[in-house]
Amino acid sequence: MPMLWKKRSKDEIRERVFRALDENRNYDSDYILGIPGSYLDTQQFYRDADFLKNAPYLQTLINNPNHIGCHTLTDDKGEDLFRGTQKLEIELIRMVSEEIMQAEPRSVDGYVAPGGTEANIQALWIYRNYYKKQFRAKNHEIGVVFSTDSHYSFYKGANLLSIEALPVKVDEDTRRINPEALRQRLHDASIQGIKYFIVIANMSTTMFGSVDDPNELAGVFKEKGLPYKMHADGAFGGFIYPFTTEKNHLDFSNPEITSITLDAHKMLMAPYGTGIFLIRKGWMPFAATEEAQYVQGLDYTLCGSRNGAQAISIWMILQTYGPEGWRANMAGLMEETDRLCAALDDMDMPYFRNPDMNIVTLKAGHFPEEVSRKYRLVADTYEGKAQWWKIVVMPHTKGAVIDAFLEEVRASKY
Ligand SMILES: *Cc1c(COP(=O)(O)O)cnc(C)c1O
């Protein structure tokens, strides 16, 4: 099977993006009477500045193609003014779902969302509507199960959708959902009248880099005979973990996983506005807004209009490195994180780290807080006393910065 994702030269990338832009229709090339927006204010934005010829992302931003809707649903056969760049988004969704998340060819729908928050809420929205439509479930009978280390977007989504948030305690050592605590939570939920479940498996939490075990979670629901659908939150780890772990159980090769969130504006270092939502085919229609008749192919997303440049930026970054290049980048981060952990071990400093992640979370109280503030470590809470301080090893923190931090911790003889 030919791979969509490969390392391409700057020229090839530029040529592909400009070809896509040429395929788009715009007010310069066509008579367009009915579509508002899209054409940026000409007093502010120079459409034909010379430097744009070598800046495919900026040129797309200026061209402002609207990627409203979910294009994988119509594949590349749909008709639209912006089909050229939308086809690159379809290619991007295929690259990420098939070549990073191990889906079968064309078995996944998806779109570039404003961020991980929307992608997570999109998943909750689809499963809530599924339970309502297929089981005549009431909102208060639907619960979202997630670990207490999970991102707050699940509270936000449960609140917006009027379904129940069911946070579950983590195991102190693994920082995964504790199966006993889960059983207890489900017992309480059933007394409360909750019958249908949406389960979140973290492909790295933000604070700890911890990764849930989807099969263990599914096992608990099966043992109790409870209906569940599982979503993997890879907003932080989606572009890291699949490249560093030996066997990823949180991708589409695992039938337990129905949908996945990734964020390109975290470790992939894309501009903000580059969340990615992926879901197996057949599920997106549960989010159809049939009243959105003026949008060709209806709308299936929370956000509506969005600039196609964001999808292009992700496509460009991936093509710049290629799979091998990206894998090597991630291996470099792991080595650097190993080095940090070895130094911490030397000092007998307690911390949590998943060996396949670049997050090291130090237990508070074993080094001076001024040092964590100076190096801008992130605390688990800013209300009250921090229990944990987190370091994310990133390309710019490699080497010198980490050494300087370690030096100060050592010198403090805390
Ligand atoms: C950052 C993050 C989110 C939310 O992403 P935004 O892009 O900020 O909306 C969700 N889940 C996890 C694990 C995250 O790290």
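Each ligand, and each atom within it, is numbered from 1 in the order the structure gives.
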* **Heavy-atom nearest neighbour in the protein, as seen from atom 5 (O) of ligand 1, with distance rounded to 0.1 Å** => D263 OD2, 3.1 Å
* Structure fact -> for atom 8 (O) of ligand 1, nearest protein heavy atom and its distance come out as T117 OG1, 4.2 Å
* Quick one: which ligand 1 atoms are inside 4.0 Å of a heavy atom on T206? -> 12 (C), 13 (C), 14 (C), 15 (O)
* Note: E141-K138 ion pair, threshold 4.0 Å (strictly below) -> no
* If you measure from the Lys or Arg side-chain nitrogens to the Asp or Glu carboxylate oxygens, is any gap between D109 and K281 under 4.0 Å? -> yes
* Taking only residues two or more places apart in sequence, or in another chain, which ones meet D380 in a side chain to side chain contact (heavy atoms under 4.5 Å, CB included)? -> M207, A386, Q387, W388
* Using a strict 4.0 Å threshold on nitrogen-to-oxygen distance, state whether E118 and R306 make a salt bridge. => no
* Asked: Which residue owns the protein heavy atom closest to atom 11 (N) of ligand 1, what's the atom, and how far is it?
  -> D233 OD2, 2.7 Å
* **Protein contact of atom 2 (C) of ligand 1 - nearest heavy atom, named by residue and atom, plus distance** => K266 NZ, 2.3 Å
* Before accepting this row, confirm whether a basic side-chain N of the pair E336/R339 lies closer than 4.0 Å to the acidic partner's carboxylate O. => yes
* To do: Could you establish whether H265 and ligand 1 come within less than 4.0 Å of each other, counting only heavy atoms on the residue side?
  => yes
* 4.0 Å heavy-atom contact, N120 with ligand 1 -> yes
* Asked: Just by distance, with hydrogens left out, do N120 and D233 show a side-chain donor and acceptor under 3.5 Å apart?
  -> yes
* Asked: Would you say G116 and ligand 1 have an N/O pair spaced under 3.5 Å apart?
  -> yes
* Structure fact -> Closest to atom 10 (C) of ligand 1 among protein heavy atoms sits H151 CG, 3.2 Å
* **R373/E370 salt bridge by N-O under 4.0 Å criterion** => no
* Asked: Does the N or O separation between S204 and ligand 1 drop below 3.5 Å for any pair?
  -> no
* Salt bridge R8-E15, side-chain N to carboxylate O under 4.0 Å -> no
* Asked: With a cut-off of under 6.0 Å to the ring centre and 45° to the axis, is R175 in cation-pi contact with F208?
  -> yes
* Asked: Against heavy atoms of G115, which atoms of ligand 1 measure under 4.0 Å?
  -> 7 (O), 9 (O)
* Which ligand 1 atoms does A235 reach within 4.0 Å, using its non-hydrogen atoms? -> 2 (C), 3 (C), 10 (C), 11 (N), 12 (C), 14 (C)
* Indicate yes or no: does an N/O atom of S153 lie under 3.5 Å from an N/O atom of ligand 1? => no
